[in-house]
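Presented below is the structure to which this report refers.
To find a chain, count down the sequence lines: A is the first, B the second, and so on, and within it residues start at 1.
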Protein chains: 2
Amino acid sequence: MERRRQARGERRMAEILDAAADAFAELGYEKASTNAIAARAGISPGSLYQFFPSKEAVARALADRFVADMRTAHASAFGGADVAAMDLGELLDRVVDPLVAFNLANPGFKALFARPDMPAALAESSQPIQAAMLGQVESILGARVPGLSPDGRARSARVLVRIFQAMTPLVTAAPEEERPAEIAELKRVLGGYLTSLSA
Amino acid sequence: MERRRQARGERRMAEILDAAADAFAELGYEKASTNAIAARAGISPGSLYQFFPSKEAVARALADRFVADMRTAHASAFGGADVAAMDLGELLDRVVDPLVAFNLANPGFKALFARPDMPAALAESSQPIQAAMLGQVESILGARVPGLSPDGRARSARVLVRIFQAMTPLVTAAPEEERPAEIAELKRVLGGYLTSLSA
DNA sequence: TGAAAATGCGAGCGACCGCTCGTATTGTTC
DNA sequence: GAACAATACGAGCGGTCGCTCGCATTTTCA
């Protein structure tokens with residue numbers, strides 16, 4: 001069912017995703033109308049639907065792109081480091097700082113990621129992001145807290161991801177001079193929870 | 001500008017708020033249409049607007065009612081206890097358990113309270129709830145962590161409330177047999193953060 | 001008891017939504 | 001360069017939303 005794309009088409013698709021990320025960031029998923037996304041991309045509503053069959057498909061494609069970008073960022077920040085032996089503070093720096101930077105660089109990200117009450121369609125779209133983060137956190141938990149049962153590990157991973165989701169807006173919304181303090185609080189929460197898990 | 005209400009009118013207003021709480025809980029704020037709220041209350045759309053000038057006003061009134069109910073619940077759970085001397089585990093039980101119970105008993109509550117990305121109108125409506133919780137948490141923080149600066153206390157209160165908001169859906173959405181475990185995680189997160197604040 | 005006020009109704013307005021479709025233009029292929 | 005596919009347009013469809021308005025009914029109160 002895939003139609004053959006020209007180079008121009010590929011470029012358009014990327015532009016549409018850029019516009020969608022902008023619109024989601026500024027207006028939220030629901031209020032970002034497809035016509036508004038098309039207008040931001042400098043094209044007509046009809047042209048958007050040449051490339052994506054629905055608004056949900058746009059969100060899904062954007063989520064996929066975020067996951068890919070995040071994976072490379074995470075890999076480059078974590079290349080070959082020994083998670084188990086690392087100092088807790090360093091571990092938190094290594095995980096949190098790149099993720100915060102990613103959120104600051106991609107304001108649309110949290111609109112797809114940090115919403116507890118997503119409509120069903122959007123929840124499915126952002127599920128790859130959730131799964132990717134949960135997997136990474138679970139593997140870190142496995143190395144740091146070896147005594148945890150699989151159930152407990154899954155639960156703790158959910159908790160950690162949730163905390164991060166919830167506190168990210170506090171960090172990104174803070175004026176720049178207060179951002180380090182908010183990031184410190186975020187690390188304090190995560191660190192406190194991890195410490196009490198090991199106890 | 002207040003019009004004179006009959007007893008029937010007061011009853012209707014309460015029924016509308018009940019219906020709105022139901023609808024918000026089931027559909028979320030945005031998708032709970034005013035016509036749907038009116039239908040759940042067993043009245044016509046026009047009648048709803050006899051009592052509330054807008055959907056936002058309905059949300060605001062509902063939030064006010066929640067705040068009042070929450071205040072009495074909190075007061076009865078906390079009557080004359082010595083917050084500063086209390087064991088940390090007991091403090092968490094005393095604060096968290098009633099709040100969790102309140103959320104379980106009022107499913108519409110979190111639709112107005114636990115949304116990181118509220119539309120501006122809703123944010124203003126739920127602001128009394130936020131303010132009430134922040135105030136209570138700040139006063140507890142003042143007693144438990146006396147070394148904190150006013151800024152730091154405000155920041156930590158925001159963090160604690162945010163954590164509670166974020167984790168409440170995990171608790172209420174969990175099947176009943178897993179709920180105690182989720183509540184325990186919530187307390188672990190809060191306790192871990194408080195402990196690291198005092199250190 | 002009668003006028004005024006409060007309550008109640010529901011069709012439907014105007015605005016916006018996601019999306020379609022007929023048509024024009026640009027690019028590819030042979 | 002002819003035939004065809006891909007890209008581009010934008011008016012507008014069918015639907016939902018918050019909300020209004022004209023009018024009927026019930027309650028209050030002198």
Side-chain angles (χ1 to χ4, degrees), chain A residues 1-20 22-24 26-62 111-112 118-125, chain B residues 1-20 22-24 26-62 111-112 118-125:
Chain A
M1 296 299 157
E2 279 291 299
R3 70 196 302 170
R4 170 146 160 53
R5 298 268 172 228
Q6 305 178 350
R8 182 170 43 136
E10 302 281 358
R11 250 180 286 126
R12 273 278 181 261
M13 291 179 75
E15 287 166 6
I16 290 168
L17 293 187
D18 291 342
D22 266 15
F24 290 159
E26 188 171 326
L27 308 166
Y29 177 76
E30 322 260 20
K31 308 217 131 170
S33 73
T34 53
N35 284 22
I37 294 171
R40 276 169 200 243
I43 62 176
S44 78
S47 290
L48 187 150
Y49 285 89
Q50 294 280 342
F51 300 103
F52 299 98
S54 68
K55 182 179 179 178
E56 187 196 339
V58 174
R60 198 161 34 230
L62 181 59
L112 291 182
M118 299 188 179
L122 182 54
E124 196 185 337
S125 304
Chain B
M1 297 303 155
E2 280 289 301
R3 69 196 302 168
R4 169 148 161 54
R5 300 268 172 226
Q6 305 179 351
R8 181 168 44 133
E10 303 280 359
R11 249 180 287 127
R12 273 278 181 261
M13 291 178 75
E15 288 166 5
I16 291 169
L17 294 187
D18 291 342
D22 267 15
F24 290 160
E26 188 172 325
L27 308 166
Y29 177 76
E30 321 260 21
K31 308 218 131 171
S33 73
T34 54
N35 285 22
I37 293 171
R40 274 169 200 243
I43 63 175
S44 76
S47 291
L48 186 149
Y49 285 89
Q50 294 280 340
F51 300 103
F52 300 98
S54 67
K55 182 178 178 178
E56 187 195 339
V58 175
R60 199 161 34 230
L62 181 60
L112 291 182
M118 299 187 179
L122 183 53
E124 194 184 339
S125 303

- Residues that Asn35(B) engages under side-chain hydrogen bond (donor to acceptor under 3.5 Å, both in side chains), provided they are two or more places apart: none

- Task: Step by step, work out the side-chain contact (heavy atoms from CB on, under 4.5 Å) result for Thr34(A) and Val58(A).
- Result: CA-CA 9 Å; Thr34(A) 53; Val58(A) 174; over 6 Å; no

- Could you state the atom-to-atom distance from CZ of Arg5(A) to C1' of dA8(D) in whole Å? 13 Å

- Query: Got a sec, which residues hit side-chain hydrogen bond (donor to acceptor under 3.5 Å, both in side chains) with Arg5(B), two or more places apart in sequence or on another chain?
  - Reply: none

- Message: Using OP1 and OP2 only, check whether a side-chain N or O of Arg12(A) sits under 4.0 Å from dA6(D).
- Response: no

- Message: Test of understanding: with side-chain contact (heavy atoms from CB on, under 4.5 Å), list the residues that count as partners of Ala36(B), not counting sequence neighbours.
- Response: Ser33(B)

- Task: Sequence neighbours left out, what passes side-chain hydrogen bond (donor to acceptor under 3.5 Å, both in side chains) with Glu10(A)? Give chain and number order.
- Result: none

- Query: When you check every protein heavy atom under 4.0 Å of nucleotides 19-30 of chain D, what one-letter string (B, S, -) results, 5' to 3'?
  - Reply: BBB-----SSS-

- Just jot down the side-chain contact (heavy atoms from CB on, under 4.5 Å) partners of Ala14(B), sequence neighbours excluded, or say none. Arg65(B)

- Message: So which atom in Tyr49(A) and which in Lys55(A) form the shortest heavy-atom distance, rounded to 0.1 Å?
- Response: OH-N, 4.3 Å

- Message: Restricting to side-chain hydrogen bond (donor to acceptor under 3.5 Å, both in side chains), what partner residues turn up for Ser44(A), sequence neighbours left out?
- Response: Ser47(A)

- Have a look at Ala32(A) and say if it touches a base, only the backbone sugar-phosphate, or nothing, with a 4.0 Å heavy-atom cut-off. sugar-phosphate

- Item | Terminal contacting nucleotides, 5' and 3', DNA chain C versus chain A (heavy atom, 4.0 Å) | dC17(C) to dT29(C)

- Query: Which part of the nucleic acid, if any, lies within contact of Ile43(B), taking any heavy atom under 4.0 Å across all strands shown: a base, the sugar-phosphate backbone alone, or nothing?
  - Reply: sugar-phosphate

- Bend angle of the helix from dT1(C)-dA30(D) to dC30(C)-dG1(D) from five-pair axes at both ends, rounded to 10°? 10°

- Query: Who passes side-chain contact (heavy atoms from CB on, under 4.5 Å) against Arg40(B), sequence neighbours left out?
  - Reply: Ala19(B), Asp22(B), Ala23(B), Glu26(B), Leu27(B)

- Phe52(A) vs Leu17(A), side-chain contact (heavy atoms from CB on, under 4.5 Å): CA-CA, chis, key distance, verdict: CA-CA 10 Å; Phe52(A) 299 98; Leu17(A) 293 187; 3.8 Å; yes

